[in-house]
Structures are given as C-alpha cells and as structure tokens.
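Structure first, commentary second.
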There are 2 protein chains.
Amino acid sequence: MSLSGRLIDAFLALEETRRFSLAAQRCHMSSPAFSQMVARLEDQVGVRLFDRTTRHVTLTPEGEVFAQGARRIASEMRAAIDDLQDRAQRRTGRVSVAGPPSLAADWLPQQLAVFHRRYPGIELRLRDVVSDVCLDTVRRGEADFGLNALPGNSLEFEAVKLLDEPLYLICRADDPLASRRKVRLSHLRQRAFIHTLRSGSVWQHLQPLLRDQDIQDTGFEVDQLGTLAGLVAHGFGISIVPRSALQLCQRDSLAAVPLEGAQASRPIYLVRPRHRSLSTAAAGLWALLLQGVPQLRRAPTSIRPQ
Amino acid sequence: MSLSGRLIDAFLALEETRRFSLAAQRCHMSSPAFSQMVARLEDQVGVRLFDRTTRHVTLTPEGEVFAQGARRIASEMRAAIDDLQDRAQRRTGRVSVAGPPSLAADWLPQQLAVFHRRYPGIELRLRDVVSDVCLDTVRRGEADFGLNALPGNSLEFEAVKLLDEPLYLICRADDPLASRRKVRLSHLRQRAFIHTLRSGSVWQHLQPLLRDQDIQDTGFEVDQLGTLAGLVAHGFGISIVPRSALQLCQRDSLAAVPLEGAQASRPIYLVRPRHRSLSTAAAGLWALLLQGVPQLRRAPTSIRPQ
DNA sequence: GTCAATTACGTTCTCCGTAAGGATG
DNA sequence: CATCCTTACGGAGAACGTAATTGAC
C-alpha cells in the first residue's frame, strides 16, 4: 500500500540491468534481500512486475506500464529533495526584505550586493516601505523580515536592534544653526519644520518631542527625501533625517548638523515573525546584515558646514 | 535519503490539519509515533519543514516548497498504483490478437465483442495475419498472442490447441463433386486448383499432400477469400478452405463439401511467448477464447449442395 | 492549569545478510 | 554442472505504542 523510494530505485535498477545480482549490487544489498524487496514491491502494487526464471528477467506488460510511473516518481522525489538541498546550501531561493527608504538608498543595496556575490543563485527583493507598513509587509509574508524603527509586538515579532542611528538637522548652509557642531531640539524653537511622511519612523519618533518645542509646522509632508532637500534648500524650513538619509540630501546649499540629547537617534531593528522561521536564504541575509552594521556606522556624512 | 509514501502522506496530513494529533489520527497512528515520523522526514530531507510549538504548527518556507513536491509525488504514486490496479481489474488495458483471416472474419470479432461487453475499458486490437507472420507478430510484441495452425518452437512459444478445424472443398454448385456428402483428396486428381496464399496455413498444410495427387496448379494465388470464391464461381478451378472461411465464400453458384480422411482438418493453436507473461487483459481474452470454442465448432456452414 | 507536542522506553515487526535449496540452460 | 534466483532462518535496527515530560497560552 505504500511505495518507498528504495523500492522504486530497486525496481528501476532491475528494470535496467535485468539481473537480480547486478541490480542488488548497484543498490548495495545482498541478492536475497534484493529479491525479497522486489517481491515486496510486487506484493504492494498487487501485480507481478517481472517474469523471471533463474536465467532470464523480463518485465511483464504491467511492469512496463509501471516503469513509466516509477521513473516519474523517482524523478519527482529527486527533484523535491534536490530543490530543498539547493535551498539549504543557498544555491537557490528567494529573500525579500522590507526596509525604510533611507537604508534602501545605499546600505541595504550594498549589503544585498555582498550577499548576491556570495550566493548568486538566490533571488533578492527589496521593498522600501515606510515604518507604518513595514510590520504589515512582514506579517503578510510579503517580506521575510524587515528593518524598522519599532520592534513590533514582542508576541508576534522577534526583533534585534541593529544600531541607533544618529539624527541630523538639515538646514540651509547659510542658516545660523549650520555653523554649530551640534544642535539640541530646543534650538529649533519657533522654526518652520518640514515633515517627512507621518507614517515614517522619524516623524513618529520626533512628533511628541517637537510638540513640546513650539515648532511651526509648514504643512509640507513629503515622500521622497530629495523633495525634502529641495524644500529646505529653497528656504521653506528645516527638517531632521537619519544619517543614512544624508546622502540623499547632498546639495551645496545644504548643511547637516548632528542632534544631541536624549532623543538624538532613532533605533533600527531587524524584525521577523516570531512563529515562522526564516528560510535558509533569509537567515543568511539576516546574519549578513548584522555583520554589516559597521559599514552602516561609517555611513557617509559629507554634508558639513565648512 | 529515501522518501516513502507513508512519510509523504504524513507530511501532507500535517500540512493540511496543522495538528499533530489530528494528522496522527488520520494516519492511524499514535501521536508520538507520528511526531517521530515527521522528525524522520525532516532528517531525511535535511531541513526543518514545520515550525511547531505545543500550540501552533506552521510550515517553514522550505516546508511550503516541499509541499508542492510532496503533492506531486503522492499524485504520481497514486496514479501509478491505480493504473496498475485498474489493469489488474481489467478496467483498463489493451490486448492485441493476431489471427488468420478466416477466424478474423467472424468468430474472433464475435468473441472480442463478448470480451468488450464484459470489459468495456479495455482497448482491443485484432491483426489479421497469414500464418507465416503470425508468430513473428507475437514475437515482436505487436500481438499479445496469436491464433495459428502451427504451434511454433516450443522453446519460444507456449501453445494450446483450440480445435481441429474441418477443411472444405469449394467448387461450383454444378460440379460433380458438389453432390457428394464428403470428398477425399484423391477425388481431386487432375483438377485445376486455386491456391490461397502460400504463406497461409491451409496451403502449408495441404501442399505436400496435394503434390501426391497430381493436382493441376492454376497459378492463381489469392489473398482475399472473396477473390478465391469469385475465381471458383467463374470456373477457374476448385479450392479448399477451413470451415470458418465458408461464410466468406457464400454464393449461390458455389458449394462446399467437407473433406474426409487423415488430413481433413487443420489445427488452430493459441500461441503465446513462453518467457513473457500475458497482461491481465490478454490473459482474460485468452481464457475467453478457450471457452468460445463451442461457438467455433458450430460455425455456419450454410454453403451446401441442395 | 490545561492542552498539545515531545521524550523515554519497552516491545513488535520489518528488513537485511548468511547459508541452503531449486530451477534453468 | 554451473549459474542465478529463491527460500529459510537468525539477528540488528527501525518504528510503534504507553507513559512521563516539557512547553505554550
């Protein structure tokens, strides 16, 4: 009632060699054991598959029919196992990561490139998402894991902190604040402020703090960091971005000044579903990202006054 | 290293129910045994297929990949076994018989019709062959078995005699011989004779005997029995056919007279290869033909003088 | 605390290998 | 008579079930 891979292999070996002794040898078994094996197979399928005397071994008509099925079964088995092992060896597979636009601009692609050089067979996908939808993306399985400023519900997600990423004030190069080595939130009092997306992590992080500082909201709420830089450059206000976003704000007329104080940085977590394990490929990328943190700490910060 | 049908079934049961206890029950096993079974499967394929706590069972990404392969494997296994058992039950299959034109004219189709009513799923094929090629057809596997006047080499073929089929003289109704109740070969002395195919069994059977009887050879050698009847009807000569061929010679102007004497009949054997067993379907038809001999003995012989 | 999966362990059964038997050419 | 498949039989290992344990909610 139940075929096994070994029975199929035995059948195919005998079908090819037409000799019990040879086929047994090929299957690394004694001849009697092999004989019993064929008998078991015939018993299980319910029909005689070989005509055999001590001199000749031939397929029965039913055996010839079964041979086709046996080859398909063996092929499917091999394919299934090979596929799995290719994935285990990271020779094939697919990983999808969700991360914030700032990291998706440079560091994540850089890390993905390293990963791709090491495991060229693995298909990669990067979804740039705002903080709000990151966890949803992971929850729905559209990404294997995500990078996010919030670790998510600890019952649902498992998170490890990658690093605390310093925040920077972005202002015009001729702004008085641009000459400071550091700024505090209190320095921003009364200033016009351009928000990044309300659903983004920086906004979520700073919003309660800025409310205390009597910040003047310009009403602008941009999606692309390039747009933000343009607005700041043309005098509509100032803004705050994480260090990894500085590169996207690179303009001659702009300056960046590190924030200091209690909330001068925002965390970045690696977040994955707690109750679903990562694929081997995803686990590999996860580990690589953890190792890649130093490159992130050394992120380019060339926007500087003077 | 070796998947078995039971492991695949276990995997699919768990994949569907997502509960060890339910899946174990469905596989008619205890829960611990089932648990070990899944562990064995995971050990054999080399990767974890399920994420499980005592509360939740989920497929790993690799498990989801494997599920597709597992379904294909299970499907191929089921198909292979079902096909075999359909054939064993004679619900499907194919039989090819080779027989002489005389029997192929009526009796064989009649028997095939009986077989087809009983086993409508089995595909039937009837090859009408002259004696010469009958055994070749069987040897090459183009027919599962044959009907032939010669039993063939007993090392190569296994033959059972169906019956001895009486031979009849075919002549014009106004022939002096037509009024006889029986004729002997000696009565044919000096008569012009029309041969059926030299490769046919009747010719092979009679040729040495006719040579002793100073038979006059017309030079005609026909393929179709209808042609033979036409030649006889128009006075070119006489001929001899087996009883089963009489129906094909049915004409008002013709008469048939049974031969008597030592060689007044030719045998018909069922012949099959000795070293290859018959398919279940073929064995069924073989048995049915053996049972159908009485109908062959009662073959229509309406060609009669007066 | 309860429920579900797992581990522990004794038992049964499958399955292999060695040795003897039987059939074929 | 030589060769090759099969049967017989004993032992090793696999796999199952019962009972105890661990872990999650």
Side-chain angles (χ1 to χ4, degrees), chain A residues 1-45 48-60 63 153-158 273-277, chain B residues 1-45 48-60 63 153-158 273-277:
Chain A
M1 184 77 169
S2 161
L3 301 179
S4 83
R6 306 200 47 213
L7 288 183
I8 299 292
D9 289 343
F11 173 87
L12 290 174
L14 184 54
E15 187 260 334
E16 191 174 334
T17 63
R18 294 175 183 263
R19 291 214 160 171
F20 276 74
S21 44
L22 273 184
Q25 191 173 328
R26 178 181 298 193
C27 294
H28 314 290
M29 292 177 40
S30 72
S31 187
F34 185 85
S35 184
Q36 291 175 355
M37 211 160 171
V38 175
R40 272 202 304 281
L41 173 61
E42 290 178 323
D43 190 48
Q44 297 216 338
V45 299
R48 198 159 190 77
L49 297 171
F50 292 99
D51 283 322
R52 42 205 193 267
T53 68
T54 57
R55 296 299 172 187
H56 293 289
V57 176
T58 326
L59 284 169
T60 60
N153 181 335
S154 70
L155 281 170
E156 190 177 2
F157 296 103
E158 183 173 322
R274 179 175 290 280
H275 295 301
R276 190 188 323 162
S277 65
Chain B
M1 183 77 169
S2 161
L3 301 179
S4 82
R6 308 199 48 214
L7 289 182
I8 298 292
D9 289 343
F11 173 86
L12 290 174
L14 184 54
E15 187 260 335
E16 192 174 334
T17 64
R18 295 177 183 263
R19 292 216 162 168
F20 276 74
S21 44
L22 274 184
Q25 190 173 329
R26 178 181 299 193
C27 294
H28 314 290
M29 292 178 36
S30 73
S31 187
F34 185 86
S35 183
Q36 291 174 356
M37 209 159 173
V38 174
R40 273 202 303 283
L41 173 63
E42 291 178 323
D43 190 49
Q44 296 218 339
V45 299
R48 198 157 188 78
L49 298 172
F50 292 97
D51 283 321
R52 42 203 191 270
T53 68
T54 57
R55 294 298 172 186
H56 294 290
V57 175
T58 325
L59 283 169
T60 61
N153 180 334
S154 72
L155 281 171
E156 190 177 3
F157 296 104
E158 184 172 322
R274 180 174 289 280
H275 294 302
R276 190 188 323 162
S277 64

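Throughout, protein chains are lettered first and strands after them, A, B, ... in sequence-line order, and every chain is numbered starting at 1. Since this is a predicted model, take the numbers as computed values, not measurements.
Every residue two or more places apart in sequence or in another chain was checked for a side chain to side chain donor-acceptor pair (under 3.5 Å) with D9(B), and none qualifies. Residues meeting the side chain to side chain contact (heavy atoms under 4.5 Å, CB included) test with T54(A), sequence neighbours left out: none. Take E156(B) and apply the side chain to side chain donor-acceptor pair (under 3.5 Å) test, not counting sequence neighbours, and it matches R139(B). Applying the side chain to side chain contact (heavy atoms under 4.5 Å, CB included) criterion to A33(B), with sequence neighbours excluded, gives M29(B), S30(B). Not counting sequence neighbours, the partners of F50(A) by the ring-ring contact (aromatic ring centres under 6.0 Å, His included) test are F11(A). Every residue was checked against the side chain to side chain contact (heavy atoms under 4.5 Å, CB included) condition with D43(B), not counting sequence neighbours, and none meets it. R40(A) pairs by the salt bridge (charged side-chain N to carboxylate O under 4.0 Å, His left out) definition with nothing, not counting sequence neighbours.
Rounding to whole angstrom units, CG of residue D51(B) and C1' of dA24(D) are separated by 15 Å. With rounding to whole Å, F50(A) atom CZ is found 16 Å from dC4(D) atom C1'. We find that CG of L41(A) is positioned 13 Å from P of dT6(D), with the value rounded to whole Å. With rounding to whole Å, E42(A) atom CD is found 13 Å from dC5(D) atom C1'.
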For nucleotides 8-14 of chain D, which of its nitrogen or oxygen atoms have a protein nitrogen or oxygen under 3.5 Å away, and what is each distance?
none

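Put simply, S35(A) has a side-chain N or O that comes within less than 4.0 Å of OP1 or OP2 on dT6(D). In this structure, R6(B) reaches the dC16(D) phosphate: one of its side-chain N or O atoms is under 4.0 Å from OP1 or OP2.
Closest non-hydrogen pair, S2(A) versus R6(B), comes out as OG-CG, 2.9 Å.
One finds the CZ atom of F34(A) at 12.0 Å from the NE2 atom of H28(A) (value rounded to the nearest 0.5 Å). Here the CG-CZ distance, from L59(B) to R52(B), works out to 11.0 Å after rounding to the nearest 0.5 Å. Separating the NE2 atom in H275(B) from the CG atom in D51(A) is a distance of 10.0 Å, to the nearest 0.5 Å.
Scanning atom types as modelled, no donor and acceptor separated by under 3.5 angstrom connect the side chain of R52(A) and the base of dT6(D).
Residue order along DNA chain C, read from the 5' end via each residue's closest nucleotide, puts T54(B) first among T54(B) and L155(B).
At a non-hydrogen distance threshold of 4.0 Å, R19(B), F20(B), S21(B), S31(B) from residues 17-31 of chain B come into contact with DNA chain C.
Running 5' to 3' along DNA chain C, contacts with non-hydrogen atoms of chain B at under 4.0 Å begin and end at dT2(C) to dG25(C).
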Could you pull out all donor-acceptor pairs under 3.5 Å where a side-chain atom in residues 12-26 of chain A meets a protein atom, sequence neighbours excluded?
from	atom 1	to	atom 2	distance (Å)
E15(A)	OE1	R71(A)	NH1	3.1
E16(A)	OE1	R26(A)	NH1	3.4
T17(A)	OG1	A13(A)	O	2.9
T17(A)	OG1	R19(A)	N	3.2
T17(A)	OG1	R19(A)	O	3.2

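End-to-end axis angle of the helix from dG1(C)-dC25(D) to dG25(C)-dC1(D), using five pairs per end and rounding to 10°, comes to 30°.
Considering only heavy atoms from C-beta on, L3(B) comes within 4.5 Å of I8(B) through its side chain.
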